Structures are given as structure tokens and as C-alpha cells.
Amino acid sequence: MKHISIIDILYSLKERWRIIVISIAFFIITGFIIILISKPIYKSTAIVKVDVYEVIPRIGQEISYKGLLPSVPIDKVGSQIEIIKIISGEVLKENGVNLNFKVPNFIKVDMKKTIIDTIKKNLVFDLKIKNDSIFVFDKKNLICSGIFNEEINCNLFNFKLKKSEPLNNQITGKIVYQNYPKTIENWMKNKVSINQEGITDLIKISVEDENKSLAVKITNDIAKRYIDWSLDQERRVAKLSKAQLEELLKEINYQLDSLKQLQAKIRLDSLTLVSYLLEFRGGLSSEALAEIIKKLTINPKDNYLRNIIERYYLKDIDYAKFNNQVVNYLSRIDSIISGIIGAEIAIAKTVSPAYIVAYASEPYKPIWPNKFQITIFSLFIGLIFGIIYALGYEMLDKKISTILQLKRWTNLENVNIFYNLNELKIYLLSNKNKKFHFNYLIEGFENYEKHISDEYVIIVNRGLDIYNYIEIQNSYSDKKCNILLL
């Protein structure tokens, strides 16, 4: 049988082990070079508890029905995440993440801010420092200037520099206003992540950067800015709610005053009038009732209501309905006043309903390069590449060095292929009644002539050219062959 099995492939790889080892070594060395030349990237993380509850408590069914109170969205956490993303873009601009300063080590960039976050290409500005004066040139044109420890305002960016030692000579540098991948949008996509923690109201804010101090600063700035926004939002909603509640309070007071004026200006029993208005018209709205009362107050001689009352004068009077109406108005006034007080308290608050659970701190090790992951990945890639290369070399090699090659180039139909000499000897001993002809004599076995032998035994030396092997096969093709690669 000459079918190719997994064992044949493994034997072949064993013979080509040097190729695999060289491949693994190459990729591991490449991985270590990547580790050495890669700039470390640090990741800082802060956790904030977002405001997912109503800012102003409900103060009554009618007021809520009128839409005077803010409602809670179904996905409040999701909306807060989008708000934090918007805030993050502003914080990134204020930290000038697309500005790169190339200055000596004893000069530190104390502050940098982006005015325009996206440009078509990288812009390079010359920086010249003499004594305490700082000059920025666009080619040969001076675009802005200033001194150390003070903010310098340019058209596209602002910055502040600090020095740790005095300057004796003029120093030059560069300011690179970078486009991709340092634009604000790409920073948001690639280096800033804002995610909800499970199904809680906690949001994790993470920022990656080569400067771990800047990563921590940006992370905490985003968290603090969101807390400030949350407090301002609560105050804004409280002010809006207070104004709406005050308008509603005026409306209800006006309705009560109208009832009192009606009772004083007409001689008919006011209980009869109110009872009729509640029963006959199926319960008028407060606005319609106030309008009727207002007209009657202006013109007390109007016979419209008098005629209606006379038609139903004999009906039973429900005094309880009038009392309930008055109590309802008074109850609503109490609720509205309570709501106004609650809104005033919210306006005066100095503590946000959202707060920072954990501030970002400087990470003690970078997330990139990860030595363990790079080593494992290099080992894996080297192994795979080595196996593929070894098998490819196996297919192209014109000399027979492995069982896999032996089987590929064996064209005989009736053939046994043995992996080692012991297997062949066992086969020969178990078939003592047969006569074998050997192309190379094996000690301990009789070599019969070809024409009287029952089977052939072909010994193939490693490194034999495939064309010579094909010639050997052609000369032993008339009988069953037993082939061994030595």
C-alpha cells in the first residue's frame, strides 16, 4: 500500500526538523526585535456612576400628565454613554492629542490644545527658543510667539512650555500638527473606549496613549467633565420645571379666585351652579370653567347661566362635589408648592447625582508590547510557517529523503513500503516459504535470482535522485515489491 498517512507527514517533518527550528528561531527573534523597538502604550481606566434617575420627583398625576416633569428614557445608560463620547471629543481637543512636540528632554510641554481637530495633511512648524522667548514659524513666517510658563496662542493650537534648566544657546524644534491617525475622530475610535459595566449604572472610561501621564489626565478629565455636566443638567431641568410649576400655580389660583368672585356677584346659590357645571357638561376642563366664570364676572347680567340653572333648579344638589373640587384645587396647590421647593433645592445643589467611583491612576506596565503574547504568537507563527515551508520543500525536492517522498514517487501497483529495517526483517521471517530477490543483500537472508524469486526487496538509499528511483522501479515492476528507505 502506498497511501499517504499522517504518520508519513510526521516522519517527513521529523526529517526536516532543522527547517522548522530555523523558522521558529527567526520569528521569535523578530518578536523580540518588535518588543525592543516598539513604543510602550499605556491604558488608564476610570469608572463613573451615571445619573439614571429622574432629577425632580413626581408631584402629582395631573402635572406629570401635562408633561411638566422630565421622563426617564428606556436606555438611560446608553444615552449617558453617548454624552460621555461627546465630552471625550472636547477633552481630547483640549489636550491636543494631535499635536506632537519635538523638543529637547529638559523642555516639557505643560499644556497643549487643539483649535481645529481635523486637517488634510500633516503640518510642520519650526520652533525656535532663545533665552525665555519662544517663536513658532510656518516656513519663514512668524505665526505666534511667547515666553515659558505662559500660554502661547496660535491660529491652529495653543500650548505652554516649561524648562528644567537655563538656556545658553538658541534651541530649535518642531511642532507637528498631525492628521491620521491622530485626529480626534480616530482617537475616539482607536484609543478611547467607553463601555457599560455589565447591566449596572457604572460606565468604564479607558484611554490609551504612549504617554501614561497624559492617558491618566485625559481619562480623569473626561470623568470630571461628565460629573460637572450632570450637575449642570440637573440644575437646568430643575429651573425649567420650577418655571412650569409656577405658571401652573398661577392658573389654579386664578380659577379659585374666579369661583370666589362668582359667588359674590350672583345671587343664585353657587353650590347649585358648580354642581350643574360638573354634572350637566360631564365635567368641564379647568380651562373652560375658568373662561365661563371670567365672562360671567365681567357681565353679571348675562342670563345664559341663569336660564340653564332655572331649567335644572329642581334637581338634587350634590354639595359634596363642590367641596371635592375645592379640596382638589387646594391639594394641587400644595403639591405644586412642594415641587417648586424641590426644584429650588436641586438648583442650589453643589453635588452631582453622578460621581466618580474610581479615578484613573498611572499603570505600572504597558498593554503593548505584551512580551508573553508576542512570544507565544511568534512561536506559533514560526511553527506554522516552518511546517508549511518544510512540506513545500518536500514537494519540490528532487531527491528521495523521506517516506513521504518515497510514496509520492512509487508507481508500482503491488508494493509494500516499510518504515525501518526491523519491520522488513519481521516481514521476511514471517514469509519463509517465499523466495526473495534483494537489490542489496541483507545479512541472514538468502538472495534468490530474479527469475525464480516470488517477491522483490528494494533498498533505496536516502538522497537517491528520483529519476534513478523510477528506473529501479521499472526494472522490478513484474512482481510484488517490498521497499525500504535507508
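These figures come from a predicted structure and were not determined experimentally. Atoms considered below: every heavy atom in the structure, side chains included; atoms not considered: hydrogens, waters and symmetry mates.
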> Minimum heavy-atom separation for N179 to I119, with atom names?
Replying inline: OD1-O, 2.7 Å
>> Can you tell me if I6 has over 12 outside heavy atoms packed within less than 6.0 Å of its CD1?
In response: no
> Any side-chain heavy atom of V103 sitting closer than 4.5 Å to one from L127?
Replying inline: yes
> Do T114 side-chain atoms and I116 backbone N/O form a donor-acceptor pair below 3.5 Å?
Replying inline: no
>> I'd like to know whether the aromatic ring centres of F125 and F137 sit less than 6.0 Å apart in this structure.
In response: no
> For the side chain of S23 and the backbone of I19, is there at least one donor-acceptor N/O pair under 3.5 Å apart?
Replying inline: no
> Is the number of heavy atoms from other residues, nucleotides or ligands within 6.0 Å of CZ (F377) greater than 12?
Replying inline: no
> Looking at side-chain heavy atoms only, is the closest gap between P363 and K43 below 4.5 Å?
Replying inline: no
> Can you find a heavy atom in the side chain of Q80 that is under 4.5 Å from one in the side chain of W229?
Replying inline: yes
>> Is it true that, when you exclude F148 itself, more than 12 heavy atoms of the residues, nucleotides or ligands shown sit nearer than 6.0 Å to its CZ?
In response: yes
>> One pair to check against salt bridge (charged side-chain N to carboxylate O under 4.0 Å, His left out): E394 and R16. What are the steps and the verdict?
In response: CA-CA 9 Å; E394 182 88 5; R16 311 284 185 185; 2.9 Å; yes
>> Check this for me, if you would: do K140 and D126 make a salt bridge, where the nitrogen-to-carboxylate-oxygen distance has to be below 4.0 angstrom?
In response: no
> Without hydrogens or angle criteria, can the side chains of E15 and S401 be said to hold a donor-acceptor pair below 3.5 Å?
Replying inline: no
> Are E344 and K242 close enough for a salt bridge, meaning some N to O gap below 4.0 Å?
Replying inline: yes
> Got a sec, which pairs hit salt bridge (charged side-chain N to carboxylate O under 4.0 Å, His left out) with one end in residues 203-221, sequence neighbours left out?
Replying inline: E197-K204, K217-D221
> Quick one: does N482's side chain get under 4.5 Å of V415's, heavy atoms only?
Replying inline: no
> Within the side chain of K112, is there an N or O that forms a donor-acceptor pair under 3.5 Å with the backbone of L99?
Replying inline: yes
>> Quick check against the 3.5 Å criterion: does N439 have a side-chain atom that pairs as donor or acceptor with the backbone of I459?
In response: yes
>> With a 4.5 Å cut-off on side-chain heavy atoms, are I205 and V48 touching?
In response: yes
> Less than 4.5 Å apart, any side-chain heavy atom of W17 and any of I22?
Replying inline: no
>> Closer than 4.0 angstrom, basic N to acidic O: yes or no for K399 and D465?
In response: no
>> Under the criterion side chain to side chain contact (heavy atoms under 4.5 Å, CB included), I'd like the reasoning laid out for Q473 against T410: C-alpha separation, chi angles, the key distance, then a yes or no.
In response: CA-CA 8 Å; Q473 291 183 74; T410 299; 3.8 Å; yes
> Quick one: does K371's side chain have a donor or acceptor within less than 3.5 Å of a partner on W368's backbone?
Replying inline: no
>> Can you give me the closest heavy-atom contact between P40 and P369, atom names plus distance?
In response: CA-CD, 4.1 Å
> Do the ring planes of Y427 and F418 sit parallel (below 30°), tilted (30 to 60°) or perpendicular (above 60°)?
Replying inline: tilted
